[in-house]
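These figures come from a predicted structure and were not determined experimentally.
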Amino acid sequence: MSSTEHGALLGPADIRELAATLGVRPTKQRGQNFVIDANTVRRIVRTAEVRPDDVVVEVGPGLGSLTLALLETAAHVTAVEIDDVLAAALPATIAARLPRKKDAFALVHSDAMLVRELPGPAPTALVANLPYNVAVPVLLHMLDTFPSIERTLVMVQAEVADRLAAAPGSKVYGVPSVKANWYAEVKRAGSIGRNVFWPAPNVDSGLVSLVRRTEPVNTSASKREVFAVVDAAFAQRRKTLRAALAGWAGSAAAAEAALVAAGVSPQARGESLTVEEFARIAEHKGAAQ
């Protein structure tokens, strides 16, 4: 479709022209794949259920394809961009293509993993096409740092999407699944083909929806304590929890005591446990003493 049919949004020709003007070549190191399809960014905004009163934070806006689509709907968008050239160019792109919303846009030029605060009102939604190599740590960092984020929709590598949304007992259930579930109800929200990106990645992408829990996991253990159990349980996937948690607990016998006290079989494996069960194990560390 031509850019006129999509108004302010960027089409394939716009993206390539912008990149050429800026001398931008997408880098593998930063996992950069720019979305060049206006229908796809509109679909992401729809799937994210972005509302007119939402304050959206976007990580890795790139040339601004998704940013423009978010600004069409949301009250405010704050974009976090690490790349010097892209960060410098984005405000001008917004001002040129969506002038009426330029004051509803803020840019944070930083590594998302280092962001501890954002300008303006607290974000209510996180919507992002996350670079493949840092998707999970960035997602968890943002959910942890900004408890006001109620709804999240991220586009990630299909395999990462499967992992994040996996349920206990699934082959791909692991650390990302449990940690994401600490914060939110997580589900797959669609698939994205390779041809909507430039350059086209050699993997498919998936959308993951995360809706923050209205009630946090009911536990007396801290997040740090629970995540320590999760990390230990999956560090040696093939081992029973009695063996895998021996280092964490101080010995295999101490691990067994904690597991029994938590009502979890010492012969179970990490991939069968819910986040609530990991929390119970954390609460019973030192049960043998």
Side-chain angles (χ1 to χ4, degrees), residues 1-3 5-50 56 58-70 72 79-83 85-86 89-90 93 97 112 126-140 142 152-166 170-174 176-177 180 186-210:
M1 288 214 180
S2 72
S3 58
E5 282 177 75
H6 282 294
L9 301 192
L10 297 166
D14 303 313
I15 296 272
R16 289 197 173 86
E17 189 183 325
L18 202 49
T21 307
L22 298 172
V24 167
R25 286 185 183 80
T27 73
K28 268 215 164 60
Q29 178 210 345
R30 292 208 167 135
Q32 287 169 333
N33 298 91
F34 301 125
V35 182
I36 55 172
D37 179 59
N39 292 316
T40 299
V41 291
R42 287 246 167 93
R43 177 185 156 203
I44 290 169
V45 174
R46 265 201 319 277
T47 308
E49 296 177 14
V50 175
V56 180
E58 180 191 6
V59 175
L63 291 164
S65 316
L66 179 56
T67 319
L68 288 161
L70 289 166
E72 284 187 331
V80 180
E81 177 58 67
I82 188 172
D83 187 291
V85 176
L86 295 173
L90 194 55
T93 303
R97 300 191 75 95
L126 165 65
V127 184
N129 166 22
L130 288 177
Y132 292 162
N133 46 357
V134 294
V136 172
V138 165
L139 173 63
L140 296 175
M142 295 300 284
T152 295
L153 187 80
V154 290
M155 177 158 55
V156 292
Q157 193 172 331
E159 184 192 333
V160 176
D162 291 339
R163 260 190 243 142
L164 282 166
S170 149
K171 268 200 182 75
V172 293
Y173 182 76
S177 334
V186 189
K187 64 177 205 294
R188 275 293 297 255
S191 298
I192 303 276
R194 306 174 187 198
N195 58 342
V196 303
F197 295 99
W198 172 69
N202 49 13
V203 290
D204 292 321
S205 298
L207 297 174
V208 182
S209 155
L210 300 97

Side-chain heavy-atom pair [X], [Y] within 4.5 angstrom cut-off:
{"X": "Leu207", "Y": "Arg43", "result": "yes"}
{"X": "Met142", "Y": "Val59", "result": "yes"}
{"X": "Leu10", "Y": "Leu68", "result": "yes"}
{"X": "Glu159", "Y": "Val203", "result": "no"}
{"X": "Thr40", "Y": "Phe197", "result": "no"}
{"X": "Glu72", "Y": "Val45", "result": "no"}

Pairs satisfying salt bridge (Lys or Arg N to Asp or Glu O under 4.0 Å), at least one member in residues 192-202, at least two apart: Arg194-Asp204
Using every non-hydrogen atom in the two residues, find where [X] and [Y] come nearest and quote the distance to one decimal.
{"X": "Leu164", "Y": "Ala180", "result": "CD2-CB, 4.0 Å"}
{"X": "Val160", "Y": "Ala135", "result": "CG1-CB, 4.5 Å"}
{"X": "Ala165", "Y": "Val186", "result": "CA-CG1, 3.9 Å"}
{"X": "Ala161", "Y": "Val156", "result": "N-CG2, 3.5 Å"}
{"X": "Gly64", "Y": "Leu90", "result": "CA-CD1, 3.5 Å"}
{"X": "Leu9", "Y": "Arg97", "result": "O-NH2, 3.0 Å"}

side-chain hydrogen bond (donor to acceptor under 3.5 Å, both in side chains) against Thr152, all qualifying residues, sequence neighbours excluded: none
Looking at residues at least two apart in the chain, or sitting in another chain, which of them share a side-chain hydrogen bond (donor to acceptor under 3.5 Å, both in side chains) with Ser65? none
My understanding is that only residues two or more places apart in sequence, or in another chain, count here; which of them pass side chain to side chain contact (heavy atoms under 4.5 Å, CB included) with [X]?
{"X": "Ser209", "answer": "Leu153, Lys187, Ala189, Val211"}
{"X": "Val134", "answer": "Pro131, Val138"}
{"X": "Pro199", "answer": "Pro26, Asn33"}
{"X": "Glu49", "answer": "Arg151"}

Those residues that, when tested against [X], pass salt bridge (Lys or Arg N to Asp or Glu O under 4.0 Å) (two or more places apart):
{"X": "Arg46", "value": "none"}
{"X": "Asp37", "value": "none"}
{"X": "Arg188", "value": "Asp162"}

Which of Leu66, Asn129, Ile15 passes side chain to side chain contact (heavy atoms under 4.5 Å, CB included) with Val35? It is Asn129
Please name the residue in the list Thr67, Leu70, Leu126 that meets the side chain to side chain contact (heavy atoms under 4.5 Å, CB included) test with Val56. Leu70
To the nearest 0.5 angstrom, please state how far the CG atom of Asn195 sits from the CD1 atom of Ile36. 8.0 Å
What distance do Leu139 atom CG and Leu130 atom CG have between them, rounded to the nearest 0.5 Å? 6.5 Å
What donor-acceptor contacts under 3.5 angstrom involve side-chain atoms of residues 17-24, with partners at least two apart or in another chain?
| unit_1 | atom_1 | unit_2 | atom_2 | d |
| --- | --- | --- | --- | --- |
| Thr21 | OG1 | Glu17 | O | 2.7 |

